[in-house]
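Have a look at the structure below before the remarks.
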Amino acid sequence: QTYTFNYQVSNGCAVDQATATVVVYAAPSAGQDGSITVCLNEPFDLLMGLGGNVDLDGTWYNPSNQAMPSSVDTSSNLAGQYNYDYIVTSSICPNDSANVIVIVDGSCDYTALVAELNAQWEVYPNPTSNVLTVANNSGLYLSNLEILDINGKLILGTQLKSQLQNDIDVSQLQTGMYIIKLKLADQTLTKRFIKQ
């Protein structure tokens with residue numbers, strides 16, 4: 001905010017006045033230190049490890065002290081603790097920094113989990129001409145399903161009616177290869193199928 005102050009001196013008939021303007025800048029805020037626990041090879045967002053008010057225009061530095069393009073990174077394939085620093089700079093006020101410790105749990109592997117989940121659902125018949133059946137054998141919650149063309153453009157999106165097996169009408173799709181994407185628990189999984 002900007003504040004204006006007037007200083008006036010008078011001596012009989014003579015009056016003199018000076019004006020001063022004070023600009024108050026908000027101090028940068030990198031938030032409060034925190035930690036995240038992830039599996040081996042798991043993508044994560046470092047912002048989830050910060051508390052308090054966070055200015056989003058700062059710079060993240062990885063454990064090698066190299067600037068990162070964003071707050072998203074993938075954990076190591078080695079268990080341990082990794083320090084990430086977040087620095088918010090200001091041309092007026094002192095910089096502010098925060099630290100996030102990423103704890104990589106060696107007892108779980110994100111890539112193995114995705115591979116395991118991918119093996120627990122199937123689409124058939126493949127190729128198909130009219131109906132595509134999606135079967136969920138994982139026992140985990142299915143939320144929605146999307147069909148994309150080979151370039152990643154959304155063609156069809158639908159809410160699933162059953163947690164075990166759903167029949168999807170694909171008769172209106174043009175002949176070609178498509179990607180079926182679904183949310184299984186908190187994972188996004190994909191498979192390809194051919195429409196004849």
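We count residues from 1, following the sequence as given.
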Query - Over all atoms of both residues, closest heavy-atom pair of Q165 and T133 - result: CG-CG2, 3.5 Å

Query raised in the report: Closest heavy-atom contact between C93 and A26?
Result: SG-O, 4.1 Å

Query raised in the report: Looking only at heavy atoms, what is the nearest atom pair of V104 and S75, with distance?
Result: CG2-CB, 3.9 Å

Query raised in the report: Does CD belonging to Q17 count more than 12 external heavy atoms closer than 6.0 Å?
Result: yes

Query - Expected output: side-chain T19 to main-chain N6 donor-acceptor under 3.5 Å - result: no

Query raised in the report: If you take all heavy atoms of K191 and W121, which pair is closest and at what distance?
Result: CE-O, 2.9 Å

Query raised in the report: With a 4.5 Å limit on heavy-atom distance, are the side chains of I36 and I103 in contact?
Result: no

Query raised in the report: L148 and L154: which non-hydrogen atoms are nearest, and at how many Å?
Result: CD2-CA, 3.6 Å

Report summary line: Correct closest heavy-atom pair for P28 and P94 would be CG-O, 3.1 Å

Requested in this report: For the pair V15 and V9, evaluate side chain to side chain contact (heavy atoms under 4.5 Å, CB included) and give the outcome as yes or no after the intermediate values.
Outcome: CA-CA 6 Å; V15 176; V9 176; over 6 Å; no

Requested in this report: Just say parallel, tilted or perpendicular for the rings of F193 and Y178, cut-offs at 30° and 60°.
Outcome: parallel

Query raised in the report: If you count the non-hydrogen atoms of other residues, nucleotides and ligands that lie under 6.0 Å from CG in D57, is the total more than 12?
Result: yes

Query raised in the report: Are there more than 12 heavy atoms of other residues, nucleotides or ligands under 6.0 Å from atom CD of Q8?
Result: yes

Requested in this report: Mark yes or no for whether D96, through its side chain, and A30, through its backbone, hold a donor-acceptor pair below 3.5 Å.
Outcome: yes

